[in-house]
Amino acid sequence: MEGIIFNIKRYAIHDGPGIRVTFFMKGCPLSCWWCHNPEGISPRIEKVARIDRIGQKEFRVNEEVGKKYSVAGLLEIVDKERVFLEESAGGVTFSGGEPLMQSEFVIEAMKALRSKGIHTCLDTSGQADRAVIENVIPHTDLFLLDIKHVDSALHKKFTGVSNKRIFDNYDRLFSSGKDIFVRIPVIPGFNDDETNLKAIRDYLVGKRDKNLLGIDLLSYHRIGASKYKRFGMEFKMDGVEEPSVERMKELKSFFSEPGFKVKIGG
């Protein structure tokens, strides 16, 4: 069995506890306007052009985005970093894209990792069939859940999908007894209004007695904007500014009020 991965991040410190190896899986059912990994949306290996500059000269280099890996290949990569993972109480995170689009491969990889005592984490949008959610629960130590908006119509407008299935799956994950961190991307003009933020907080207050370890507030940034042209995609966030440091501190206080552990950044 093979999976398609478009990036491997070693020494990751924002994708779960400790030092981690993060595998970014190709394919995502969402098309968020602010996505900073647009190369992860298509489930296929893609060929794109990269322009390298040396002095006044430009060189066009064709490259493939995405590579097939076996579970054994992933284990070889992780084994090389194992001392750092163990010393820091870290592990392996599957992100994307949406890793549950390659759920069979991810589950097999998690089984193999946990058999070696390695902590597993799944960073998911929650957009998946319920059967997939049920199958992945036993093999995941920590879930990172991405909550964007409570209004289904606005969620669909800005991500391409309704949030009904997402919240149904999140309800199931909260009842699973598994450790959970919630991540909230702060996107000016989309989800940073008082009505939506209060609705998200109220939803999480209702889950406070579950294994909700904390909330991460992720500030919108434009780092991935240049990628859109390379992949022939429209960048819809022109003119949107990143939230200020002061605004992020305000939101941290807002979500901390009910007693949640909140931090800015992953």
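Only this structure's heavy atoms are used, side chains among them; waters, hydrogens and symmetry mates stay out.
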Please determine, by modelled atom types, if Ser70 and Glu2 share a side-chain donor-acceptor pair under 3.5 angstrom.
no
For the CD atom on Glu241, are there more than 12 heavy atoms of other groups (residues, nucleotides or ligands in this structure) within a distance under 6.0 Å?
no
Show the nearest heavy-atom pair for residues Leu75 and Ala112, with the distance to one decimal.
CD1-CB, 3.9 Å
Is there a path of hydrophobic side-chain contacts, each under 4.5 Å between heavy atoms of I/L/V/M/F/W/Y residues, joining Val65 to Tyr69?
no
Is there a side-chain contact between Ile77 and Phe23 in this structure, where contact means two heavy atoms from C-beta onward sitting under 4.5 Å apart?
yes
For Asp238, is there an ion pair with Arg222 - N to carboxylate O distance below 4.0 angstrom?
yes
Exam field: side chain Ser88 to backbone Gly18, donor-acceptor pair closer than 3.5 Å
no
Side-chain (Asn163) to main-chain (His149) donor-acceptor, under 3.5 angstrom
yes
Nearest 0.5 Å, please: how far is OG1 in Thr159 from CG in Leu30?
4.5 Å
So, do Phe255 and Phe260 have ring centers that fall under 6.0 Å from each other?
no
Between the CG atom in Leu142 and the CG atom in Leu213, the distance rounded to the nearest 0.5 Å is 6.5 Å
If you apply the rule side-chain hydrogen bond (donor to acceptor under 3.5 Å, both in side chains), what do you find for Arg20 with His119, and how did you get there?
CA-CA 9 Å; Arg20 312 188 71 79; His119 182 275; 2.9 Å; yes
Does the side chain of Leu122 come within less than 4.5 Å of Val136's, by heavy atoms?
yes
Tell me whether Lys198 is salt-bridged to Asp193, with the criterion being a basic N under 4.0 Å from an acidic carboxylate O.
no
Closest heavy-atom pair, Phe235 versus Ala225, reported as atoms and distance to 0.1 Å, is CZ-CB, 3.7 Å
Contact summary for Lys157 and Trp33, nearest pair of heavy atoms
O-NE1, 3.4 Å
Verdict with supporting geometry, Val182 and Lys207, side-chain contact (heavy atoms from CB on, under 4.5 Å)
CA-CA 11 Å; Val182 164; Lys207 307 298 183 184; over 6 Å; no
Begin with the C-alpha distance, continue with both residues' side-chain angles, and end with the deciding distance and a verdict on salt bridge (Lys or Arg N to Asp or Glu O under 4.0 Å) for Asp146 and Lys148.
CA-CA 6 Å; Asp146 191 9; Lys148 302 174 180 68; 3.0 Å; yes
Nearest non-hydrogen partners of Pro99 and Gly96, listed with the distance
CD-N, 4.2 Å
Taking Gln102 for its side chain and Ile4 for its backbone only, find out whether a donor-acceptor pair lies under 3.5 Å.
yes
Salt bridge or not for Glu257 and Arg201, using N-O below 4.0 Å?
yes
Looking at Lys67, I'd like to know if its NZ atom is crowded, meaning that more than 12 non-hydrogen atoms belonging to other residues, nucleotides or ligands lie closer than 6.0 Å.
no
State yes or no: are the ring centers of Tyr203 and Phe167 separated by less than 6.0 Å?
yes
Least distance between heavy atoms, Phe174 atom then Leu204 atom
CZ-CD2, 4.2 Å
Indicate whether the side chain of Thr93 and that of Asp123 have a donor and an acceptor atom separated by less than 3.5 Å.
no
Point-to-point distance, once rounded to the nearest 0.5 Å, from SG of Cys32 to CZ of Phe158:
11.0 Å
Find the distance between OG (Ser176) and CD1 (Ile133) and round it off to the nearest 0.5 Å.
10.0 Å
Heavy-atom count around Glu104 CD within 6.0 Å, excluding the residue itself: above 12?
no
Decide, yes or no, whether a salt bridge links Glu86 with Arg82 under the criterion of side-chain N to carboxylate O below 4.0 Å.
yes
Can Leu217 be reached from Val245 by stepping across I, L, V, M, F, W or Y side chains whose heavy atoms are under 4.5 Å apart?
no
Report yes or no: do Ser162 and Ser152 form a side-chain donor-acceptor pair below 3.5 Å?
yes
Is the shortest heavy-atom distance from the side chain of Phe231 to the side chain of Val48 under 4.5 Å?
yes
Would you check, one step at a time, whether the test side-chain contact (heavy atoms from CB on, under 4.5 Å) holds for His155 with Ile166?
CA-CA 11 Å; His155 193 282; Ile166 290 170; 3.6 Å; yes
Quick check against the 3.5 Å criterion: does Lys47 have a side-chain atom that pairs as donor or acceptor with the backbone of Glu63?
no
Could you check Asp141 against Arg114 for salt bridge (Lys or Arg N to Asp or Glu O under 4.0 Å), going step by step and ending with a plain yes or no?
CA-CA 9 Å; Asp141 295 309; Arg114 295 182 90 218; 2.9 Å; yes
With a 4.5 Å heavy-atom cut-off, do Ile137 and Lys178 have their side chains touching?
yes
Whether Arg172 and Asp168 form a salt bridge (side-chain N of Lys/Arg under 4.0 Å from carboxylate O of Asp/Glu) is what I want to check.
no
Calculate, to the nearest 0.5 Å, the distance between atoms OG and CG belonging to Ser95 and Asn7 respectively.
9.5 Å
Test item: Asp151 side-chain N/O and Leu154 main-chain N/O as donor-acceptor pair under 3.5 Å:
yes
side-chain contact (heavy atoms from CB on, under 4.5 Å) evaluation trace for Asp192 with Ile187
CA-CA 6 Å; Asp192 63 338; Ile187 315 298; over 6 Å; no
Joint hydrophobic cluster, Met101 plus Phe143, side-chain heavy atoms closer than 4.5 Å
no
Could you check whether any side-chain N or O of Tyr170 sits under 3.5 Å from a backbone N or O of Ser125, counting only pairs where one atom can act as donor and the other as acceptor?
yes
Looking at Asp129 and Arg165, is any side-chain nitrogen of the basic one under 4.0 Å from a carboxylate oxygen of the acidic one?
yes
Distance check, rounded to the nearest 0.5 Å: Thr120 atom OG1 versus Met110 atom CE?
4.5 Å
As a quick check of understanding, evaluate side-chain contact (heavy atoms from CB on, under 4.5 Å) for Thr124 and Leu144, giving each step before the final call.
CA-CA 6 Å; Thr124 179; Leu144 305 180; over 6 Å; no
Keeping the roles fixed (side chain from Lys227, backbone from His36), state whether a donor-acceptor pair exists under 3.5 Å.
yes
Flag side-chain contact, heavy atom, 4.5 Å: Asp202 against Ile200
no
Below 4.5 Å, heavy atoms only, C-beta onward: do Ile215 and Ile147 meet side chain to side chain?
no
Which atom names give the shortest non-hydrogen contact between Glu98 and Gln127, and what distance separates them?
CG-O, 4.5 Å
Surrounding CD1 of Ile13 (heavy atoms of other residues, nucleotides or ligands, distance under 6.0 Å), is the total greater than 12?
no
Whether the side chain of Lys236 engages the backbone of Trp34 through a donor-acceptor N/O pair (distance < 3.5 Å, no angle test) should be reported.
no
Could you tell me if Asn191 and Tyr220 have a donor-acceptor pair between their side chains, going purely by distance under 3.5 Å?
no
Tell me whether Glu46 is salt-bridged to Lys26, with the criterion being a basic N under 4.0 Å from an acidic carboxylate O.
yes
Would you say the side chain of Cys35 lies within less than 4.5 Å of the side chain of Tyr228, judging by non-hydrogen atoms?
yes
Check: Ile5 and Leu74 side chains under 4.5 Å, non-hydrogen atoms
yes
How about Arg247 and Ser244: does a side-chain donor come under 3.5 Å of a side-chain acceptor?
no
Between Ser219 and Glu242, is any side-chain donor less than 3.5 angstrom from a side-chain acceptor?
no
